[in-house]
J.: 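Below you will find the structure I want to go over with you.
Along the sequence shown, the residues carry numbers beginning at 1. None of the values given here were measured: they were computed from a predicted structure.
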Amino acid sequence: MSDRFAVAAALDGAGWHPAAWRAASARPGELFSARYWTDLVELAERAGLDFVTIEDALTVQSAAGRGIDDRVDQVRGRLDALQIAARVAPLTTRLGLVPATVVTHTEPFHTASLVSTLDHLSAGRGGWLPRISLDESEAGHVNIRAVPASTEEAWAEAGDAVEVVRRLCDSWEDDAIIRDVVTGRFVDRDRLHYVDFDGPFFSVKGPSIVPRPPQGQPVVAALAGDDASLAFAAASCDVVFVTPHDVDDAAARVAAVRRAEQAVHRSGAPLVVVADVVVFLGSGAVATKAHLDELDGAEPRSDAAVFTGPAGELADLVEAWRQRGVQGVRLRPGVVTDDLAAVATDLLPELRRRGVIGEPGSGLLRQRLGLARPANRYARARQ
């Protein structure tokens with residue numbers, strides 16, 4: 001097992017509890033402000049988190065999961081995740097930034113430009129979290145197409161989207177920019193390449209408009225649970241988020257990831273397996289969650305385990321998951337203003353004391369995750 005263990009936070013509005021915006025510490029009036037998001041990421045960086053993910057979708061939130069509901073007592077609306085990441089990137093120096101983007105209705109050329117730009121603005125700390133959409137209401141926003149016929153088709157399309165983005169990142173070799181004032185040559189045209197991708201979902205010529213990112217290719221992550229999403233992650237991603245509900249389930253999820261890698265004949269480094277957990281931390285966490293449940297009218301449903309209690313007990317769980325092969329944890333703060341702060345002041349110091357994690361790192365996000373910088377495919381072919 002690698003000694004590296006990643007700790008990340010998943011940021012989504014006021015927090016992962018639907019009533020989080022009504023907590024005493026919440027800042028509902030600032031959810032759509034730059035100051036709110038810079039405060040969160042600066043706290044995450046000071047704490048020493050490896051990266052944060054930022055949620056996104058092509059429709060407003062809904063308690064029903066798909067479509068638009070009539071509830072007015074929950075947060076509705078969000079800022080664009082990639083735009084948030086670009087805004088906060090120059091204000092941080094160590095923290096990885098991994099925004100979500102819906103690939104089902106987004107051209108991969110545009111995604112490549114945005115994600116590559118983020119990696120440049122962050123000096124090599126960018127990533128992205130491809131999402132699929134089977135929501136008719138989201139398809140209705142883009143006036144391009146209907147939703148995919150199946151989950152399998154949607155993930156297959158996502159795989160092609162990632163492949164196009166990776167090729168576009170490679171379409172500029174690392175030394176393509178010359179900047180020779182004397183000869184008047186800014187670029188070496190022999191080091192710019194057409195990608196000429198032609199598949200069932202996309203036809204993209206290239207090259208990209210953005211020079212090759214500092215990481216070569218920004219980190220690609222995915223949340224995977226069923227066979228189709230696991231196959232996508234195994235074939236296309238660097239990091240996979242799983243949702244174990246207990247210690248034994250953690251081992252089973254890791255095993256499922258490794259089987260998926262074998263099934264797609266994955267080459268190169270294995271996926272970094274990161275476990276998700278919703279957290280309500282501190283001595284008053286039980287009462288806080290009970291109060292929010294009452295305000296919302298029910299206990300919220302969650303695909304991930306929900307932990308409520310002191311940081312020491314959460315550290316026990318994290319250690320147990322690590323012993324089962326999990327290589328990181330992504331914490332979903334129930335109330336972000338309370339629980340991200342508790343992660344910073346209580347959980348991370350405890351994990352360091354136990355030797356689960358080291359002191360805050362720096363450098364490229366790929367390095368933080370133990371991932372090599374990919375060689376440029378077109379440079380290899382030219383040589």
Side-chain angles (χ1 to χ4, degrees), residues 1-12 14-17 19-20 23 25-26 40 43-53 55 95-96 223 239-254 272-293 299-361 368-369:
M1 183 190 302
S2 170
D3 290 336
R4 295 178 184 272
F5 192 85
V7 183
L11 303 182
D12 187 17
W16 286 79
H17 196 291
S25 67
L40 292 183
L43 172 59
E45 173 157 276
R46 289 195 304 272
L49 288 171
D50 290 292
F51 64 94
V52 295
T53 60
E55 294 298 303
L95 184 70
L223 176 65
V239 176
V240 61
F241 301 118
V242 296
T243 53
H245 286 272
D246 55 43
V247 173
D248 291 337
D249 191 30
R253 302 271 178 155
V254 173
V272 178
V273 182
V274 177
D276 275 17
V277 57
V278 180
V279 296
F280 297 86
L281 288 178
S283 58
V286 172
T288 296
K289 182 178 179 300
H291 177 60
L292 295 178
D293 290 350
E299 186 173 357
R301 294 174 294 177
S302 174
D303 61 323
V306 178
F307 175 87
T308 307
E313 292 182 9
L314 179 56
D316 292 339
L317 177 63
V318 170
E319 280 198 292
W321 279 351
R322 184 170 184 260
Q323 291 168 2
R324 299 310 193 276
V326 169
Q327 297 158 292
V329 63
R330 182 173 66 150
L331 309 166
R332 305 181 188 178
V335 179
V336 70
T337 44
D338 287 337
D339 296 309
L340 186 60
V343 166
T345 59
D346 300 329
L347 177 64
L348 292 178
E350 178 63 17
L351 291 176
R352 290 192 187 98
R353 186 188 68 78
R354 299 183 185 201
V356 175
I357 59 174
E359 292 303 312
R368 299 277 292 275
L369 296 172

J.: For a quick test of reading the model, state the closest non-hydrogen atom pair linking Ala23 to Val335 and the distance between them.
T.: CB-CG1, 3.8 Å
J.: Which pair of non-hydrogen atoms, one from Asp293 and one from Pro300, has the smallest distance, and what is that distance?
T.: OD1-CD, 3.2 Å
J.: Indicate yes or no: at least one non-hydrogen side-chain atom of Arg253 is less than 4.5 angstrom from one of Asp249.
T.: yes
J.: Should Val326 and Val254 count as side-chain neighbours, where that means a heavy-atom distance under 4.5 Å?
T.: yes
J.: For a 4.5 angstrom cut-off between non-hydrogen side-chain atoms, does Thr288 reach His17?
T.: no
J.: Counting only pairs under 3.5 Å, give me each side-chain donor-acceptor contact of residues 345-353, with atom names and distances, residues two or more places apart or in other chains.
T.:
unit_1 : atom_1 : unit_2 : atom_2 : d
Thr345 : OG1    : Ala341 : O      : 3.0
Glu350 : OE1    : Arg353 : NE     : 3.1
Glu350 : OE2    : Arg353 : NH2    : 2.6
Glu350 : OE2    : Arg354 : NE     : 2.7
Glu350 : OE2    : Arg354 : NH2    : 3.3
Arg352 : NE     : Gly358 : O      : 3.0
Arg352 : NH2    : Ala47  : O      : 2.8

J.: Once rounded to the nearest 0.5 Å, what's the spacing between atom CG of Asp339 and atom NZ of Lys289?
T.: 11.5 Å
J.: On a heavy-atom basis, which atom in Gly334 and which in Ala20 lie closest, and how many Å separate them?
T.: O-CB, 3.4 Å
J.: Are Arg324 and Val247 side-chain neighbours, meaning at least one heavy-atom pair lies under 4.5 Å?
T.: yes
J.: Are Pro333 and Val343 packed together at the side-chain level, in the sense that at least one heavy-atom pair is separated by less than 4.5 angstrom?
T.: no
J.: Show the atom names and distances, to 0.1 Å, of all donor-acceptor pairs under 3.5 Å that link a side chain in residues 275-286 to residues at least two apart or in another chain.
T.:
unit_1 : atom_1 : unit_2 : atom_2 : d
Asp276 : OD1    : Arg330 : NE     : 2.9
Asp276 : OD2    : Arg330 : NE     : 3.2
Asp276 : OD2    : Arg330 : NH2    : 2.6
Asp276 : OD2    : Arg332 : NE     : 3.1
Asp276 : OD2    : Arg332 : NH2    : 2.8

J.: Can you measure from CH2 (Trp16) to CG (Leu331) and round to the nearest 0.5 angstrom?
T.: 11.5 Å
J.: For the CG atom of Asp303 and the OG1 atom of Thr243, what is their distance to the nearest 0.5 Å?
T.: 5.0 Å
J.: Locate the shortest heavy-atom distance separating Gln327 from Val272; write the atom from each residue and the value.
T.: OE1-CA, 3.5 Å
J.: Find the distance between CZ (Arg4) and CZ (Arg368) and round it off to the nearest 0.5 Å.
T.: 9.5 Å
J.: For Phe5 and Gly328, work out which heavy atoms get closest and say how close.
T.: CE1-N, 3.4 Å
J.: Which pair of heavy atoms, one from Ser25 and one from Asp338, lies closest together, and at what distance?
T.: OG-OD1, 2.7 Å
J.: Distance-only, no hydrogens or angles: does the Asp50 side chain make a donor-acceptor pair with backbone N or O of Val7 under 3.5 Å?
T.: yes
